[in-house]
Chemist: 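Pasting a structure here, questions to come.
Below, chains carry the letters A, B, ... as their sequence lines are ordered, and counting in each starts from 1.
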Amino acid sequence: MSYNTNKNLGNRMDLPEIENRCKSYWARENVYHYDDTRSREETFIIDTPPPTVSGSLHIGHIFSYTQTDVIARYQRMSGKTVFYPIGWDDNGLPTERRVQNYYNITCNPSLPYDANFKPEHNEKDKSPRKEVSRKNFIEACEMLTSSDEGIFENVFKNIGHSYDWNIKYMTISPKSIRVSQESFIDLYEKGEVKSIESPTMWDVTFQSAVAQAEVEDREVQGHFHDIKFKIEGSDENIIIATTRPEFLPACIAIVAHPDDERYQKYFGKKAIVPLFETAVDIVPSEHAEKDKGTGIMMVCTFGDAADVAWWKQSGLPLKQIVGLNGCLLDVTFGEGAFTSNNPDQANHYYRQLVGLSTKQAREKIVEFLRATNALQCEPRPLTHAVKFYEKGNLPLEFVSSRQWFIKLQDKKEQMIEYGRKIKWKPQHMQHRYEEWVKGLNQDWCISRQRFFGVPFPVWYKLDANGNPDYNSPIVADRSQLPVDPMIDVPNGYTEANRGKPNGFIGDCDVMDTWATSALTPQIAMDAAKSAKVSLPFDVRPQAHDIIRTWAFYTIAKALMHSHTIPWKEVLVSGFILDPDRKKMSKSKGNVVTPQHLIDTYGADSIRYWAARARLGVDTAFEEQIMAQGKKLVNKIFNASKFVFNIVENSKLKGVTAYKAHITAPMDLSWQYKMSQMVKQATEAFSTYDYATALETIEKRFWDFCDNYLEIVKKRAYSEEDSSAVASLMQTIDTFLSVFAPFCPFITEEVYQVRPWSTEEKSLHNTSWPKVDSFAGIIAQDSVLYDTASEITAEIRKAKTAANVSQRVPVAKVDISAPEGVISILRQGLVDIENVGSIQPNALVLRPSTELSISNILLDLSAIPQKTA
RNA sequence: GGGUGUAUAGCUCAGUUGGUUAGAGCGCUACGUUCACAUCGUAGAGGUCACAAGUUCGAGACUUGUUACACCCACCA
């Protein structure tokens, strides 16, 4: 079916109609289909970022995704088949959080499945969250993500992104889970993944371990507490400054710097922890700094990351007092590691802390300290940086638990080496990557104690007492994948063995969402089902905030799985900033949503706005650029309509092989400029510099409308001249092609209804113009056109200065120019006289060393009557 | 404290390897426009290229330092 049976541009541009017509035509004709019969050399492969569907789609996404689409469209026109998948990142904590809020539910894995439960959204529902089973919760997640994905898909289609929608994936789909679990098994077999019990950064709200990359520092208000510790066997006190006095019960040592003279005398002695009467060693350690706090500090398990590091090398027993929910555990002094010189007193105080949050416990302990005169002075306020999970509201705790880790610390050098094999655009983004790799100090914790994610394909044997054996897990066979170990059963067992002595249990954790996102190339390859789609891909577009996560983890996985870089180039887009130059984000409440902008300005105008910005450059949101885009789109429409009209009234009506008619020197001179434009735009695109390409094209286009079109207008309308008409046809065709990656809608519309169109084919499946194709229709240079433009400008200036209409005739004008230029000018004199309304014989050419236009005399008697 | 980037007209941004009088769009001012387009056109005003020193015949661009802003990392008693 053809694009538009009317074959008519119409008088006014109707953008919504044009956009709808294009969208259905492109879908109908499968215009953006990936052709797997083409060779790898003829294929351009993009590792599209799957957007997080739980977030809101804002104009910043449209910005960066459109930049990629412009590149994809150029590559397609330049002769490659483009593998351009789209996926949704829908698994993980962000989705769970959204689902919890949206349906007012929370997951309790111990509950049985309720087949009748239907999640419902009710904004007014302020009741406590309803607890639902794991399966019900996952179903609710699937329900909401699928509707969110529909909304995203529509916006992306509305903005004209040329994904092949046949290769769409979801990170939570069974296929992705299979790829992700295969990755896990491969790394397990290679010994790159390990499960260990270790203190881990722990979010108490979501009750899950988190990885280094998900942690951010926040400045918070806190207090210094100066606490008196007695020296055992003496009347002396030392003053320990701490922001976390609630960790007094977990104190394992007191440390000061070995060189600190103030405390030398105490090394080897013991200090008595107030309230709990625990005797702890005072030891020298480089870990302490002389000029921080009082220079002497307590080590607890665990107040911060430094405590963890110190404890690991100390060999001292663990005193875990904070539980997984962030509340103080029930421990008894006088038992195990919790030694005390006075267990009764210690327990008297500690009993009052059990079950309190760390914050509540802190306040309580301060009361006790104050009452027992153990505070040197009242707490002193300070602001300090504290680690938070990036999506959490409470500080992280360090809690010892069993987690899966992927070994990364032993690969830092290789990671840097691989990073250098990849081209980064802009180049400086590679520094960010390297700095991150250099600063890496933990392996990658990939297990999350959550529900909506990729399960570990792992079970554990239970011994005769029902205790799991974590040291030799049962890993699923590849043929079983995807598996959910909470539902599926390992080979050699039956469901009846689940949870029974000598039976098995499934690993109930899910993987970090990045463990799956880092496999987008592998997931896309799986979806492609074609050997042509292979590593390394051509480009990975992404934003700079996730270099340390997405880019880093993807490089890590490609390295471990196949010893290759995942892509040849990373194209890093900038952010859209609000007018205060702050990053646009939902949490800041400064988000601009795209759909109303698309409705207001049209998709092509939004795309124009996005394509104006260079890669990696953060840009302030400026709606006027979209208005500028709309003017351009309108101009493309009107200039085309005008040329169509000329063609319809010319001898070339119905002629498709128009090129041979371009013979007039002025037209050849203009086509030279067009060929230069194509050359420059092509060069810019070859380094993915779409913005420079657009700038070049747009500049020439306005030049065309303002000058060339005016210069040839009269000649094009004349009966005997075909050159001008043919040149206009050639010009329109060229502009449609070069604007196509930027403004796919208006260009397709114009292309399809050209009176000289021949084939039923989308513009977007045609070829990008080649400089060679201008052979035979260009002059050696553009001197004639440039000089004519200059003369035209001078005459316009004179008329403006005289406050008269541009249509006022010129009675006399002297043009001095070098001999060579004069002879060239004579070839286009008619056009110059036409555009300037210069009377016959009024233009006088004189030889000179340089061009000058002077003595412009206007025939004021011929001023057109002004209408009242 | 470390790293990276940015600083050019009222605003948003270009400015290639150093080279005449530093550009565009918007905004502002003036004028014009029946003949594709008022979603138009022509022109004008508007700049100590953040600051300082240096290299050079010549610096918006190169070097060094300073300041401001942004992002990333670290510290976080």
Chemist: A:Lys387 side chain: which of B:U4, B:C75, B:A36 is closest?
Modeler: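 Per side-chain heavy atoms of A:Lys387, the pick is B:C75.
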Chemist: With no hydrogens and no angle check, do the side chains of A:Glu434 and A:Gln430 hold a donor and an acceptor under 3.5 Å apart?
Modeler: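 Side chains of A:Glu434 and A:Gln430: pair found under 3.5 Å.
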Chemist: If you take all heavy atoms of A:Gly303 and A:Arg244, which pair is closest and at what distance?
Modeler: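 Looking at all heavy atoms of both residues, the closest pair is O-NH1, 3.3 Å.
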Chemist: How many Å lie between OH on A:Tyr690 and P on B:A14, as a whole number?
Modeler: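 One finds 11 Å between P of B:A14 and OH of A:Tyr690, rounded.
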Chemist: With a 4.5 Å limit on heavy-atom distance, are the side chains of A:Val750 and A:Leu9 in contact?
Modeler: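 Heavy-atom side-chain distance check passes, below 4.5 Å.
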Chemist: Respond yes when some side-chain nitrogen or oxygen of A:Tyr433 is under 4.0 Å from OP1 or OP2 of B:C73, and no when none is.
Modeler: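 No.
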Chemist: Hey, does A:Glu434 reach any base, or is it just sugar-phosphate, or nothing, if we go heavy atoms under 4.0 Å?
Modeler: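 No contact.
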Chemist: Classify the angle between the aromatic ring planes of A:Tyr553 and A:Trp514 as parallel (below 30°), tilted (30 to 60°) or perpendicular (above 60°).
Modeler: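 A:Tyr553 and A:Trp514: tilted rings.
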Chemist: Does the side chain of A:Lys635 get closer than 4.0 angstrom to OP1 or OP2 of B:G41 through an N or O atom?
Modeler: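 Yes.
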Chemist: Distance between the P atoms of B:A24 and B:G18, in whole angstroms?
Modeler: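 Result for the P pair: 24 Å, nearest Å.
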Chemist: What is the separation between atom CG on A:Asp604 and atom P on B:U39, rounded to the nearest whole Å?
Modeler: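 Atom CG in A:Asp604 sits about 19 Å away from atom P in B:U39.
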Chemist: If we take the P atom in both B:U64 and B:A74, what is their distance in whole Å?
Modeler: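 B:U64 and B:A74 have their P atoms separated by 28 Å.
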Chemist: Side chain of A:Thr800: nearest nucleotide among B:A43, B:C71, B:C26?
Modeler: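 Closest of the options to the side chain of A:Thr800: B:A43.
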Chemist: Find the partner of B:C62: check Watson-Crick (N1-N3 plus N6-O4 or O6-N4) and G-U wobble (N1-O2, O6-N3) distances, both under 3.5 Å, and reply none if neither fits.
Modeler: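 B:G54 - that is the nucleotide pairing with B:C62, both distances being under 3.5 Å.
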Chemist: Classify A:Ala613 by what it touches in the nucleic acid, base, sugar-phosphate, or nothing, heavy-atom distance under 4.0 Å.
Modeler: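 Nothing: the residue A:Ala613, judged by heavy atoms under 4.0 Å, touches no strand.
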Chemist: Say you pick atom C1' in B:A59 and the same atom in B:C51; how far apart are they, in whole Å?
Modeler: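 Between the two C1' atoms, the distance is 16 Å.
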Chemist: Considering non-hydrogen atoms only, spot the tightest contact between A:Ala288 and A:Val255 and give its length.
Modeler: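 For A:Ala288 and A:Val255, the tightest heavy-atom pair comes out as CB-O, 3.9 Å.
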Chemist: Any side-chain N or O of A:Lys714 under 4.0 Å from OP1/OP2 of B:C35?
Modeler: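 For B:C35, neither OP1 nor OP2 has a side-chain N or O of A:Lys714 closer than 4.0 Å.
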Chemist: Once you measure the plane-to-plane angle for A:Phe735 and A:Trp670, does it fall in the parallel (<30°), tilted (30-60°) or perpendicular (>60°) bin?
Modeler: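 Tilted, since the angle between the ring planes falls between 30° and 60°.
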Chemist: To the nearest angstrom, how far is A:Glu289 atom CD from B:A74 atom P?
Modeler: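 A:Glu289 atom CD is separated from B:A74 atom P by 16 Å.
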Chemist: Which nucleotide wins on minimum distance to the side chain of A:Lys631, given the candidates B:C26, B:C37, B:C71?
Modeler: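 So the nucleotide nearest the side chain must be B:C26.
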Chemist: Sticking with atom C1', work out how far B:G46 lies from B:U21, rounded to a whole angstrom.
Modeler: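 The same atom, C1', in both gives a distance of 16 Å.
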Chemist: Across all strands shown, which nucleotide pairs with B:A45 by Watson-Crick or G-U wobble geometry, both distances under 3.5 Å?
Modeler: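 Check on B:A45: unpaired, no WC or wobble geometry under 3.5 Å.
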Chemist: Atom NE2 of A:His431 to atom P of B:C72: distance rounded to whole Å?
Modeler: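 Going from NE2 in A:His431 over to P in B:C72 covers 18 Å.
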Chemist: Measuring from the side chain of A:Asp706 (C-beta onward, heavy atoms only), which nucleotide among B:U42, B:U39, B:C72 has the closest atom?
Modeler: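 From the listed options, B:U42 comes nearest.
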Chemist: For B:C40, give its Watson-Crick or G-U wobble partner with both distances under 3.5 Å, or none.
Modeler: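 Matched B:C40 with B:G32 under the 3.5 Å cut-off.
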Chemist: For B:A74, give the paired nucleotide (Watson-Crick: N1-N3 plus N6-O4 or O6-N4; G-U: N1-O2 and O6-N3; both under 3.5 Å), or none.
Modeler: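 Checking every strand shown, B:A74 finds no partner, since no pair has both distances under 3.5 Å.
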Chemist: Rounded to the nearest angstrom, tell me the gap between atom CE in A:Met429 and atom P in B:G3.
Modeler: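 Those two atoms, CE and P, are 18 Å apart.
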Chemist: Students often get this wrong, so: under 4.0 angstrom with heavy atoms, is A:Phe388 touching a base, only sugar-phosphate, or nothing?
Modeler: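 A:Phe388: no heavy atom of the nucleic acid under 4.0 Å.
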Chemist: Using a 4.0 Å heavy-atom cut-off across all strands, classify A:Glu710 as base, sugar-phosphate, or nothing.
Modeler: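 Since a base atom lies under 4.0 Å of A:Glu710, the category is base.
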Chemist: Tell me the closest heavy-atom pair linking A:Phe644 and A:Arg754, and the distance in Å.
Modeler: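 That would be CZ-CA, 3.7 Å.
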Chemist: Between B:G1 and B:G60, how many Å separate the two P atoms, rounded to a whole number?
Modeler: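 Roughly 33 Å separates the two P atoms.
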Chemist: Would you indicate what A:Ala639 reaches in the nucleic acid, counting non-hydrogen atoms under 4.0 angstrom: base, sugar-phosphate, or nothing?
Modeler: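 Result for A:Ala639 = base.
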Chemist: Looking at the side chain of A:Trp702, which of B:G41, B:C31, B:U12 is the nearest nucleotide?
Modeler: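 Out of B:G41, B:C31, B:U12, the nucleotide with an atom closest to A:Trp702's side chain is B:G41.
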Chemist: Taking the basic N atoms (NZ, or NE/NH1/NH2) and the acidic carboxylate oxygens, is any pair closer than 4.0 Å for A:Lys714 and A:Asp831?
Modeler: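 No salt bridge links A:Lys714 with A:Asp831.
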Chemist: Hey, are A:Arg700 and A:Glu695 close enough for a salt bridge, meaning a charged N less than 4.0 Å from a carboxylate O?
Modeler: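 Salt bridge absent between A:Arg700 and A:Glu695.
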Chemist: For B:A7 versus B:U12, give the span between their P atoms, rounded off to a whole number of Å.
Modeler: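 My reading of the P atoms in B:A7 and B:U12 gives 12 Å.
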Chemist: Nearest-nucleotide wise, let me know which of A:Ser640 and A:Gln628 is further upstream toward the 5' end of RNA chain B.
Modeler: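 Going by which nucleotide is closer to the 5' end, it is A:Gln628.
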Chemist: When the P atoms of B:U16 and B:C72 are compared, how many Å lie between them, rounded to an integer?
Modeler: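 Pairwise P distance, B:C72 against B:U16, rounds to 29 Å.
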Chemist: It should be established whether A:Arg12 places a side-chain nitrogen or oxygen under 4.0 Å from OP1 or OP2 of nucleotide B:A36.
Modeler: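 Negative; the distance criterion is not met.
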Chemist: Let's test your reading of the model: under 3.5 Å, does the base of B:C71 pair with the side chain of A:Asp545 as donor and acceptor?
Modeler: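 Absent.
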Chemist: Rounding to a whole Å, what distance do you find between A:Leu709:CG and B:G41:P?
Modeler: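 It works out to 12 Å between those atoms.
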Chemist: Can you work out whether A:Lys797 or A:Lys630 has the more 5'-proximal nearest nucleotide on RNA chain B?
Modeler: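 Going by which nucleotide is closer to the 5' end, it is A:Lys630.
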Chemist: Where the side chain of A:Arg614 is concerned, which of B:G41, B:G15, B:C31 is the nearest nucleotide?
Modeler: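 Nearest to the side-chain atoms of A:Arg614, counting from C-beta on, is B:G15.
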Chemist: Which nucleotide, if any, forms a Watson-Crick or G-U wobble pair with B:A24, using both distances under 3.5 Å?
Modeler: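 Across all strands, the one nucleotide that pairs with B:A24 is B:U12.
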Chemist: Please report, rounded to the nearest Å, how far the C1' atom of B:G41 is from the CD1 atom of A:Ile795.
Modeler: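 Nearest whole value for this atom pair: 16 Å.
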Chemist: Could you please name the option among B:U12, B:G32, B:G5 that lies closest to any side-chain atom of A:His428?
Modeler: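 Taking heavy atoms from C-beta onward, the closest nucleotide is B:G5.
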Chemist: In whole angstrom, what separates A:Arg218's CZ from B:C72's C1'?
Modeler: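 It works out to 16 Å between those atoms.
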Chemist: Using the C1' atom in both, what is the distance from B:C11 to B:G54, to the nearest Å?
Modeler: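 Each nucleotide's C1' atom is 34 Å from the other's.
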Chemist: Who does B:G5 pair with, Watson-Crick or G-U, both distances under 3.5 Å?
Modeler: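 B:G5 is paired with B:C69.
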Chemist: Name the nucleic acid region contacted by A:Asp304, choosing base, sugar-phosphate or nothing; use a 4.0 angstrom heavy-atom cut-off, strictly under.
Modeler: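 Sugar-phosphate contact only - A:Asp304 comes under 4.0 Å of backbone atoms but never of a base.
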Chemist: Looking only at side-chain atoms of A:Glu622, point me to the closest of B:C73, B:A14, B:C11.
Modeler: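 Looking only at heavy atoms from C-beta outward on A:Glu622, the closest nucleotide is B:C11.
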